[in-house]
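Here is the naming used below: chain letters follow the sequence lines, and residue numbers restart at 1 for every chain.
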There are 2 protein chains.
Amino acid sequence: MAKHGKKSKSHSDAKSLAAAEQDAPNKSDARAHQIGVLDEALTYVLRHAAASLRGAMAEALRPLDLSTAQHACLELLGRSPGLSSSELARGAFVSRQSMNLVLRGLQDRGLVTRPEIAPQGRALPTKLTAEGREALNSANVVTRSVEKRMLAAIPDKRRARFRTDLAVCAAVLAPDD
Amino acid sequence: MAKHGKKSKSHSDAKSLAAAEQDAPNKSDARAHQIGVLDEALTYVLRHAAASLRGAMAEALRPLDLSTAQHACLELLGRSPGLSSSELARGAFVSRQSMNLVLRGLQDRGLVTRPEIAPQGRALPTKLTAEGREALNSANVVTRSVEKRMLAAIPDKRRARFRTDLAVCAAVLAPDD
DNA sequence: TTTGCCATGTCAGCAGTCTGACACCATGGC
DNA sequence: GCCATGGTGTCAGACTGCTGACATGGCAAA
């Protein structure tokens with residue numbers, strides 16, 4: 001993506017700020033009395049990881065003309081065909097209005113199909129077309145490399161634990177719990 | 001935030017999808033041949049955690065009329081007074097154009113100050129005003145509770161490890177490494 | 001010194017997302 | 001049967017963030 005430029009030798013960028021946190025966890029610096037250093041760093045680092053992931057995914061998907069939301073949508077449909085727009089919205093963590101636009105874009109490109117009339121209630125079950133499944137496979141190839149980069153950075157032993165902790169974080173921060 | 005409604009008894013929401021992943025990690029389901037189940041789940045769970053964090057922070061900051069970007073900006077300025085707009089942008093993981101708008105908003109509200117003319121080069125060093133520091137303290141009170149929720153969910157022993165792994169993830173996914 | 005390069009600030013345009021609002025359908029209890 | 005509740009789809013408006021582009025100010029190498 002390279003949205004932030006090169007930052008070759010800048011003297012106070014994100015990395016150096018985070019490094020300062022890590023290098024001096026015990027120093028009684030001026031801000032330690034205000035916020036637990038490690039505590040604050042956790043939300044900061046999580047934001048950082050999320051932003052980096054988003055950027056990496058967007059960059060990887062750019063050649064395929066797919067946004068991250070569109071990919072997430074295809075991914076969900078590949079796993080669970082027939083999901084409605086609202087269900088897809090919850091699965092991709094966006095509002096159902098946004099998912100509606102995403103879905104419309106995918107529909108215009110012939111990657112998904114939705115019935116004109118609802119077979120039950122108002123929900124319109126969405127399914128991948130052959131082209132949609134093909135696009136999903138192509139997307140998986142590139143996103144897989146992003147995942148691999150992440151996985152390679154974490155020792156094998158800790159992966160399951162790491163994933164579990166992350167899931168627990170997501171759970172306790174969920175909008176309504 | 002409650003942007004997703006209540007989803008009381010929906011039969012296929014985000015939680016159940018994630019649960020299906022977790023419950024049957026060894027089953028030779030149809031998708032296992034395509035993507036490592038755990039691998040995919042990691043990016044998915046990270047997105048989930050990020051979205052939840054963003055939502056929780058936004059909800060907590062709403063009463064103070066502060067966006068997450070504005071809070072991040074104040075936070076960075078509290079730690080490192082005199083940062084320029086571009087440096088703040090990198091620290092908050094947004095483009096410098098976006099940070100410029102954020103900064104202008106904070107400036108109009110009298111929370112930060114920037115000199116009219118650059119004392120060195122083009123960078124305009126930004127500093128918190130007394131009101132800005134006050135707003136930062138108020139914001140820290142509410143965001144602290146969000147952090148606490150997250151911290152409480154992770155066993156004490158694993159926190160440092162968890163944070164480190166997350167930082168490593170962010171590092172390997174960085175736009176240019 | 002001069003030239004090329006990098007970083008910064010800023011303007012304009014665009015895409016994506018959210019909130020608010022409304023209408024429709026199903027299911028429940030009364 | 002009737003109505004209250006909740007889920008769903010959709011429209012309109014607004015906001016935020018990003019990309020592209022340009023001009024300006026240091027810095028280092030030629």
Side-chain angles (χ1 to χ4, degrees), chain A residues 1-13 47 50-51 54-55 57-59 61-62 65-73 82-90 92-107 114-126 175-176, chain B residues 1-13 51 54-55 58-59 61-62 65-73 83-90 92-107 114-126 175-176:
Chain A
M1 200 179 207
K3 67 185 168 189
H4 288 150
K6 290 291 157 38
K7 59 177 173 183
S8 57
K9 56 178 171 46
S10 186
H11 58 298
S12 62
D13 57 357
R47 282 207 307 274
R54 186 175 191 79
M57 293 280 275
E59 185 181 17
L61 290 171
R62 192 180 309 265
D65 258 311
L66 285 175
S67 69
T68 57
Q70 286 174 328
H71 170 254
C73 182
L83 289 180
S84 71
S85 178
S86 293
E87 293 170 322
L88 287 169
R90 285 191 292 269
F93 316 116
V94 297
S95 67
R96 50 185 209 277
Q97 293 90 335
S98 299
M99 180 52 70
N100 217 331
L101 292 181
V102 169
L103 228 40
R104 200 167 300 180
L106 292 175
Q107 199 171 4
R114 304 175 76 188
E116 285 295 331
I117 52 119
Q120 204 82 350
R122 297 205 74 197
L124 302 175
T126 313
D176 41 22
Chain B
M1 199 181 207
K3 67 186 169 190
H4 287 152
K6 290 290 158 37
K7 60 179 173 184
S8 58
K9 56 177 171 45
S10 185
H11 57 300
S12 61
D13 57 358
R54 186 173 190 78
E59 186 181 15
L61 290 171
R62 191 180 310 265
D65 257 310
L66 285 175
S67 70
T68 57
Q70 286 174 329
H71 170 255
C73 184
L83 288 180
S84 71
S85 178
S86 294
E87 291 170 325
L88 287 168
R90 283 192 293 270
F93 317 116
V94 297
S95 68
R96 53 185 205 276
Q97 293 89 336
S98 299
M99 180 52 70
N100 218 331
L101 291 182
V102 169
L103 229 39
R104 201 166 301 179
L106 293 176
Q107 198 170 3
R114 302 175 77 189
E116 286 294 331
I117 53 120
Q120 204 81 348
R122 298 205 72 197
L124 302 175
T126 313
D176 41 25

message = Categorize A69(B) for me: base, sugar-phosphate, or nothing, with a 4.0 angstrom heavy-atom threshold over every strand shown.
response =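 Sugar-phosphate contact only.
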
Distance check needed: [N] [atom2] versus [X] [atom1], whole Å only.
X: R122(B); N: dC22(D); atom1: CZ; atom2: P; result: 15 Å
X: R114(A); N: dT10(D); atom1: CZ; atom2: C1'; result: 10 Å
X: L103(B); N: dT8(C); atom1: CG; atom2: C1'; result: 13 Å
X: M57(A); N: dC18(D); atom1: CE; atom2: C1'; result: 18 Å
X: L101(A); N: dG13(D); atom1: CG; atom2: C1'; result: 13 Å
X: Q97(B); N: dG20(D); atom1: CD; atom2: C1'; result: 9 Å
X: R96(A); N: dC22(C); atom1: CZ; atom2: P; result: 14 Å
X: R104(B); N: dT10(C); atom1: CZ; atom2: C1'; result: 7 Å

query = Is there a donor-acceptor pair under 3.5 Å between the side chain of T126(B) and the backbone N or O of L83(B)?
reply =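 At least one qualifying donor-acceptor pair exists.
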
Atom of [X], atom of [Y] and distance for their closest heavy-atom approach:
X: R96(A); Y: A89(A); result: CA-CB, 3.5 Å
X: L124(A); Y: P115(A); result: CD2-O, 3.7 Å
X: D65(B); Y: Q70(B); result: O-OE1, 3.7 Å
X: L61(B); Y: L66(B); result: CB-O, 3.2 Å
X: C73(A); Y: V102(A); result: CB-CG1, 4.3 Å
X: A118(A); Y: A123(A); result: CB-O, 3.6 Å

Check this one for me: any side-chain N or O of [X] less than 4.0 Å away from OP1 or OP2 of [N]?
X: S98(A); N: dC18(C); value: yes
X: N100(A); N: dT10(D); value: yes
X: S67(B); N: dT16(D); value: no
X: S84(A); N: dG7(D); value: no
X: R54(B); N: dC18(C); value: no
X: R62(A); N: dA15(C); value: no

inquiry  = Go nucleotide by nucleotide along DNA chain D from the 5' end; which of P119(B) and P125(A) gets its closest nucleotide reached first?
reply    =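 Nearest nucleotide further toward 5': that of P125(A).
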
inquiry  = If you assign Q70(A) and Q120(A) each to the DNA chain C nucleotide with the nearest heavy atom, which residue ends up on the more 5' nucleotide?
reply    =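 That would be Q70(A).
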
key: Involving DNA chain D, stems made of at least three consecutive Watson-Crick or G-U pairs, both distances under 3.5 Å   =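 If one scans DNA chain D for consecutive Watson-Crick or G-U pairs, the stems found are C:1-30 with D:1-30.
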
